[in-house]
Amino acid sequence: MNQRTHLGTTYLDIAKGAVETFMKLRGRDPASRGDRYMLVNFEDVPFGIKAGWKESHATFMTELRNLQATGLTTIGQSLRTAFDLLNLNRLVTGIDNYGQGRNPFFLEPAIIITISDGNKLTSSSGVQDELHLPLTTPLPGSELTKEPFRWDQRLFALVLRIPGNASVEPEPLGGVPPDDSPITPMCEVTGGRSYSVFSQRMLNQCLESLVQKIQSGVVINFEKTGPDPPPLEDAPAEAVKSSVQPWHCCHKLIYVRPNPKTGVPIGHWPIPEAFWPDQNSPTLPPRSAHPHVRFSCLDAEPMVIDKVPFDKYELEPSPLTQYILERKSPHTCWQVFVCNSAKYSDLGQPFGYLKASTALNCVNLFVMPYNYPVLLPLLDDLIKVHKFKPTIKWRQSFENYLKTMPPYYIGSLRKALRIMGAPNLLADNMEYGLSYSVVSYLKKLSQQSKIEYDRLIALIGKKLPPEAGIKVRWRGGGISLAQRRDFIQQLQSLTGEAPALPMELNPKEFQGFHLALLNKGLKPQSFRNPYDIPRSHLLDQLSRMRRNLLNTSVCNLRGQDSDQLHSVPIAQMGNYQDFLKAAPQPLRDADPEQPKRLHTFGNPFKLDKKGMMIDEADEFVTGPQNKGKRPGDSNNMPGGGPKRRRCMSPLLRLGRAYTPPVTPPASPRPTADMDENEDTPEPDLIINHLNQNHYGSDTSDSEVDHPSGPADHQENHMAEDPQDLQHTDEEENGQALAGELLPGCEGGAEMVLVEDQPHRFLSPAALKKHIHTETTKVNNELRALITKEIRKPGRHYEKIFLLLKQIQGTLDTRLIFLQNIIKEAARFKKRVLIEQLENFLEEIHNRSNNMNHVDTL
């Protein structure tokens, strides 16, 4: 499978792509929602089962991509593993119904698709010319069926024959021929087929054919018994003379359609077993996987009675269906039998018939009660003549019929009589024909199958144990003798050359590694006594010790390339959680109450709103807050860059001073700049203005004082470097400077670009409106934070009063704000907090009265 084609890809790559294409084609069918995909390769059990009953679709796809073509072509063992994996749960569910007839409506349809290169079958015993499946298997109850497969399992093979060189001849049109590899007979036995694939186009054609062959049904062997039917008047003479016809023996599928209402097939009558059950027999005879149904070509009348249920199955197109449809006799039928199903007859009694549909577009198999030509007239008399009041003669005839009927039909017949309205014709104590030992054995098999099922499910997904090898030991962090400088100098003075040392020494690079051994008999040598070394190995050991000591090898090997350390496969690039688990534990946060910011790796919109810091106060205020903005407002300009997110940094809060760090004095300004600034008149109030002498060497103040009046607030921002202050432009609307990252902001996402605008001074009305807008924003943020603190359990209210001291605005604004906070606390019945808030409100009242009293004086 590692050989390359003329397309440039290997057979294994083509096989993986074929599986994905098949799944896409199958996914178009609505019935594919109940599909389950399993993956088996040529490794030993259970390591060869890559995806089984419990593995998800993601696991299947991962294992498919990780497949590698290694080992032997043990296709027989792998097929046996695949069949055993499918049959593992059948005894637990009981759908095979051993010894009690075959129910076509009890099925688990499955197809096994084998993708191979068609080369020789290699195994540990040599090269095989034929495909052989192992006879021994750990599957419980495997002796009850002669073959390893079941009648609802079919095998298909895609044999890749794509050449390495592009063919000049055009591709043959038409169907894909079967392959001549040893797997083809196995496919035909199960009811499938093989495909010989010579190009990518043929492969796609085969995949579409396989998707169409996914049908719910079971495979049956139909064989003719008795003489041929009389020939048709317009039949050719050659067909009349030939003795063996293709329609005499067909190995085809019958479709078992699910009920449209329930989605599950519904049936009433089984196909009889090929033996008469004996209550004295301690064991069951093994059955063949596909029932052998014989049909008689004698024309018979199709019998159907009202209120008596029957099952109807459509036959897959075959030479048999074609022959029946060519006869154009939809009102006659051919009866079907199972040999040895009756007690005293080799051929058995009819259990149904083959009949062409009225429209002559298909052939149907009607499954009726066993020996229906006897039973149906009796039931017809019971309904129409006796009116469900049977006479003694009728009962005797009915009991005679029951003696010729296999006992496992009693359950189905009882249900049919209940549907008809005659539930009391059969006694409740009638036996089903199986001995006690057989019944107990089947129950025991069911329990063993469940145990084996659980054991195998637990083993799937485990990796192969590593082979024995030499463990690479790390001798600690000490410097070896060959790395000491004095030893290197002395060695160089003696030998004239220094030992070649690797440029990068990583002692942990090979920690935990095992060196694989080609010779399994070789053991790691850890000689502590020189006399333990054999005489014949002395020279080899001496040269080995010299190499290890001086490291004078020709090339220095490193376990990984420097670029390889940072390369990650594409399939693992999104696996950020594993990276976080392997990362070292971060330090404890300085402020544990600060909400943690989650990483935005992958989808930036997938954030935890509960744990995130609230950046906009509008999220807590009901109703739209931006109704009052004018179209010409600078904050609402279209295409003017990203919307600014407010930061919880104390630098952005109005009315609070900022203490700068101690820095060296700024360099003196150029004279041109000084003249420019001297000619510019300085206004009374400038928003976001930085005093250029704030960092001067002769400045004695450590902080800037701000007036405490309600309309006299200023907002100060500092540039990144004090030496760049002369190049700092004045801004408006409280925007931070370029490249400035304020403490408390959320990482680099809070970088705000400065609009390159000329100096502009605000009019008194605009200034008043701007201050009111900023005050409202700050108060809304404070209200959100205080509300969040009120909702927390406990009586830790220090942070609430800390936030209340930062309220902006006039006295009336503060009082209204405080009353709203008291109402919010009343909602959560915080009595202690309400009492403290009322005292705080009274304190504000008293302070304002004292200020008014001083003003009047």
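At least one side-chain heavy atom of V92 sits under 4.5 Å from a side-chain heavy atom of S449. Contact annotation: the side chain of I113 never approaches that of L155 to less than 4.5 Å [non-hydrogen atoms, C-beta and beyond]. In this structure, the side chains of H292 and V338 stay at 4.5 Å or more apart for every pair of heavy atoms. In this structure, the side chains of P270 and S412 come closer than 4.5 Å at one or more pairs of heavy atoms. Side-chain contact between R102 and N97 is absent, with no heavy atoms from C-beta onward closer than 4.5 Å. I254 has its side chain within reach of V218: a pair of non-hydrogen atoms, C-beta onward, lies under 4.5 Å apart. L144 is listed as a side-chain neighbour of L445, based on a closest heavy-atom distance under 4.5 Å. Between F105 and L107 there is no side-chain heavy-atom pair separated by less than 4.5 Å.
With hydrogens and angles left out, the side-chain atoms of Q153 and N87 include a donor and acceptor closer than 3.5 Å. Remark: the D13 side chain and the T10 side chain contain an N/O donor-acceptor pair separated by less than 3.5 Å. Counted by atom type alone, T114 and S116 present zero donor-acceptor pairs between their side chains at under 3.5 Å. Side-chain atoms of S78 and T81 form no donor-acceptor pair, as typed in the model, at a separation below 3.5 Å. Side chains of T145 and Y98: a donor on one and an acceptor on the other come within 3.5 Å. No side-chain donor-acceptor contact under 3.5 Å links T93 and N89.
Ion pairing between R161 and D179 holds under the 4.0 Å rule for side-chain N and carboxylate O. Looking at D454 and K54, no side-chain N of the basic residue comes within less than 4.0 Å of a carboxylate O on the acidic one, giving no salt bridge. The residues R33 and D29 are annotated as not salt-bridged, no charged nitrogen and carboxylate oxygen being separated by less than 4.0 angstrom. Salt-bridge annotation for E43 and K50: present, with a side-chain N of the basic residue lying under 4.0 Å from a carboxylate O of the acidic one. Salt bridge status for R257 with E314: present, with a side-chain N to carboxylate O gap under 4.0 Å.
Counting all heavy atoms, side chain and backbone alike, G192 lies closest to F156 at CA-CE2, 3.7 Å. For the pair I324 and A356, the tightest heavy-atom approach, listed with the atom from each and the gap, is CG2-CB, 4.1 Å. For the residue pair P227 and C297, the shortest heavy atom distance occurs at O-CB, 3.5 Å. Listed here is the closest heavy atom pair of K252 and P317: CE-O, 4.1 Å. Minimum interatomic distance between S142 and R80 (heavy atoms only, all atoms of both residues): CB-NH2, 4.1 Å. Listed here is the closest heavy atom pair of A18 and L207: O-CD1, 3.6 Å.
Here the side chain of Y372 pairs no donor or acceptor atom with the backbone of V304 at under 3.5 angstrom. Remark: the backbone N or O of P309 is paired with a side-chain donor or acceptor of W269 at under 3.5 angstrom. Within the 3.5 Å criterion, the main-chain N or O of P291 finds no donor-acceptor partner in the side chain of S288. The closest donor-acceptor contact from the side chain of K450 to the backbone of E452 lies at 3.5 Å or more, if one exists at all. Looking only at distances, no side-chain donor or acceptor of E55 sits under 3.5 Å from a matching main-chain atom of F60. Within the 3.5 Å criterion, the main-chain N or O of P330 finds a donor-acceptor partner in the side chain of K355. Distance alone, capped at 3.5 Å, is enough to place a donor-acceptor pair between the T74 side chain and the F42 backbone. In terms of modelled atom types and a separation under 3.5 Å, the side chain of S32 and the main chain of D35 share no donor-acceptor contact.
Atom CZ in R327 sits 6.0 Å away from atom CG in D299 (nearest 0.5 Å). Note that OG of S194 is 8.0 Å distant from CD1 of I183, once rounded to the nearest 0.5 Å. Between atom CG of residue L64 and atom CG of residue L39 there is a gap of 6.0 Å, rounded to the nearest 0.5 Å. The CG atom of N340 sits 12.0 Å away from atom CD of E273, with the distance rounded to the nearest 0.5 Å. Note that CG of L365 and CG of D311 are 9.0 Å apart. Values are rounded to the nearest 0.5 Å. To the nearest 0.5 Å, the span separating CE on M303 from CE on M368 amounts to 7.5 Å.
Ring pair F310/F366 is tilted by interplanar angle, where 30° to 60° counts as tilted. Using a 30° and 60° split on the angle between ring planes, Y37 and F22 fall in the perpendicular class, above 60°.
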Where do S209 and K213 land on the side-chain contact (heavy atoms from CB on, under 4.5 Å) test, with the steps shown first? CA-CA 6 Å; S209 173; K213 289 184 178 297; 3.7 Å; yes
side-chain contact (heavy atoms from CB on, under 4.5 Å) between R154 and L253, worked out: CA-CA 10 Å; R154 291 175 293 161; L253 193 75; 4.0 Å; yes
Worked check of side-chain contact (heavy atoms from CB on, under 4.5 Å) between L133 and F83: CA-CA 10 Å; L133 271 66; F83 286 128; 4.1 Å; yes
The test is side-chain contact (heavy atoms from CB on, under 4.5 Å); show your working for N41 and Q68 and say whether it passes. CA-CA 9 Å; N41 67 353; Q68 294 180 354; over 6 Å; no
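Within the 6.0 Å centre-distance limit, the rings of H290 and F149 are counted as a close aromatic pair.
Of the listed residues (P369, S341, P272), just one forms a side-chain contact (heavy atoms from CB on, under 4.5 Å) with F351, and that residue is P272. Checked against F295 for a side-chain contact (heavy atoms from CB on, under 4.5 Å), the options W334, F337, Y353 give a single hit: W334.
D346 CG: 12 or fewer foreign heavy atoms inside a 6.0 Å radius. Atom CG of N165 sits in a sparse spot, with 12 or fewer heavy atoms from other residues, nucleotides or ligands closer than 6.0 Å.
Cation-pi geometry between R193 and Y195 is met: under 6.0 angstrom from the ring centre, within 45 degrees of the axis.
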